[in-house]
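A quick write-up on the structure given underneath.
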Amino acid sequence: MVLVQPDDFDSAALLAALRERSAGKAGAVVTFTGYVRDYAQDAATQSLFLEHYPGMCEREIEDLCETARQRWEVAECLVVHRYGELHNGEQIVFVAVASAHRGDAFRACEYIIDALKTRAPFWKRETLSSGDRFWVQQREADAEKTQQWDDTHAPAAHGK
Amino acid sequence: MLRRARPCWPSTVSLAPPGGNIVTHTTTTPTSSIKVLYFAQVAELAGLREERWPLPKPVTGTDWLSGLEARYPQLAPVSRLKLAINQTHAPHTSLIRPGDEVAVFEPVTGG
């Protein structure tokens, strides 16, 4: 399930729902939560604005979950991503993967959040406490990480 | 994998005369134009978020981006920009066809 929404989310409730849906199939659940932090190195962040491409965001993230299902043993997959005005310390993104085995759950969860950073059409604009605003640039390290996942699994996805 | 359906424009009417060829009448522009969406920095630089562009026949993303740069020089260099065609990431070598939804944006920064 993929949710793209402005509202905050309750990760405990989401985890409980995931456990219910994967009851008996999942020996492991791995979750990742991303929070707003100071992006600028030498100035305090006041807030973050996340712009998104409605429709394409949901489809891209669904595609990533589907790729994860092809590459690893995944029983259930849940991603929630927020957009709009967010403040320091607030939750931005939640990824949860349920699997029979912890290795698959860890890898699928890490793959989804890594690939999401370079594929899902979101853009962060940071406002500093000084009032200055700027758009956050994609980090080369993020692009390389996604590339590494694809290289590992090229040319075809591994069997389960 | 999810597959993207191509947009279906209601303005195209097909008439099939008895025993004749199918004649397609296009009443408005969508079949000879594209919907263009600008996001984030690109929207700020261009000064708008959405517009229609005439496009009578397919062009490559690279050629279309050259036209974009001519129209909005402030977007240069356009080689850094990303394209999505019908809500799917598309390399600059992809073909843009009449009726497509084309999005232009800087590399994404979600997560």
Side-chain angles (χ1 to χ4, degrees), chain A residues 2 4 32-37 39 48-70 79 81-83 86 92-95 110 112-126 133-140 142-143 145-146 157, chain B residues 1-9 30 34-53 61 64-65 68 72 74-92 94 96-97 99-111:
Chain A
V2 174
V4 177
F32 169 87
T33 310
Y35 301 91
V36 179
R37 64 172 169 83
Y39 282 88
L48 203 63
F49 177 79
L50 264 143
E51 185 172 328
H52 79 302
Y53 186 172
M56 182 172 168
C57 275
E58 289 85 346
R59 289 158 153 188
E60 276 299 320
I61 300 171
E62 291 277 8
D63 271 5
L64 297 178
C65 292
E66 184 54 36
T67 302
R69 281 190 195 95
Q70 288 166 11
V79 180
H81 202 300
R82 295 178 66 192
Y83 62 87
L86 303 175
I92 301 179
V93 59
F94 181 74
V95 180
E110 191 176 10
I112 290 169
I113 187 63
D114 281 354
L116 184 153
K117 280 177 167 287
T118 58
R119 295 269 306 274
F122 290 96
W123 301 271
K124 289 191 182 97
R125 189 188 65 204
E126 187 170 342
R133 299 191 329 187
F134 64 92
W135 289 96
V136 175
Q137 300 294 305
Q138 190 180 91
R139 296 167 61 229
E140 264 180 45
D142 286 339
K145 264 188 192 162
T146 302
Chain B
M1 288 288 208
L2 292 172
R3 286 285 153 248
R4 278 69 159 151
R6 297 183 72 80
C8 180
W9 303 103
I34 54 172
K35 178 182 179 182
V36 184
L37 303 176
Y38 305 104
F39 288 97
Q41 309 93 307
V42 176
E44 285 187 352
L45 288 168
L48 78 173
R49 310 190 67 85
E50 183 177 336
E51 64 182 324
R52 289 210 79 89
W53 275 56
W64 185 78
L65 282 167
L68 183 76
Y72 302 109
Q74 65 271 35
L75 292 181
V78 292
S79 55
R80 77 184 192 287
L81 299 178
K82 304 289 182 187
L83 292 176
I85 301 175
N86 299 326
Q87 306 200 352
T88 304
H89 289 291
H92 291 185
S94 306
I96 297 172
R97 297 180 172 83
D100 281 348
E101 175 177 304
V102 176
V104 190
F105 44 82
E106 299 263 0
V108 304
T109 53

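Note on naming: letters A, B, ... go to the chains in the order of the sequence lines (proteins, then strands), and numbering restarts at 1 for each one.
The minimum heavy-atom distance linking Val136(A) with Gln41(B) is given by the pair O-NE2, 4.5 Å. The shortest heavy-atom contact between Met56(A) and Ala84(B) is SD-CB, 3.6 Å.
For residues 81-90 of chain B, no pair satisfies salt bridge (Lys or Arg N to Asp or Glu O under 4.0 Å), with sequence neighbours left out.
Checked against side-chain hydrogen bond (donor to acceptor under 3.5 Å, both in side chains), Arg49(B) has the following partners two or more places apart in sequence or in another chain: Glu51(A).
The aromatic rings of Trp123(A) and Phe39(B) lie parallel to each other, with less than 30° between the two planes, well short of the 60° mark.
No more than 12 heavy atoms of other residues, nucleotides or ligands shown are found within 6.0 angstrom of CD on Glu140(A).
For the set Arg125(A), Gln137(A), Arg119(A), the entry with the most heavy-atom pairs within less than 4.5 Å of chain B is Arg119(A).
Glu106(B) has its side chain out of reach of Gln138(A): every pair of non-hydrogen atoms, C-beta onward, lies at least 4.5 Å apart.
Taking CG from Asp63(A) and OG1 from Thr88(B), the interatomic distance works out to 7.5 Å, rounded to the nearest 0.5 Å.
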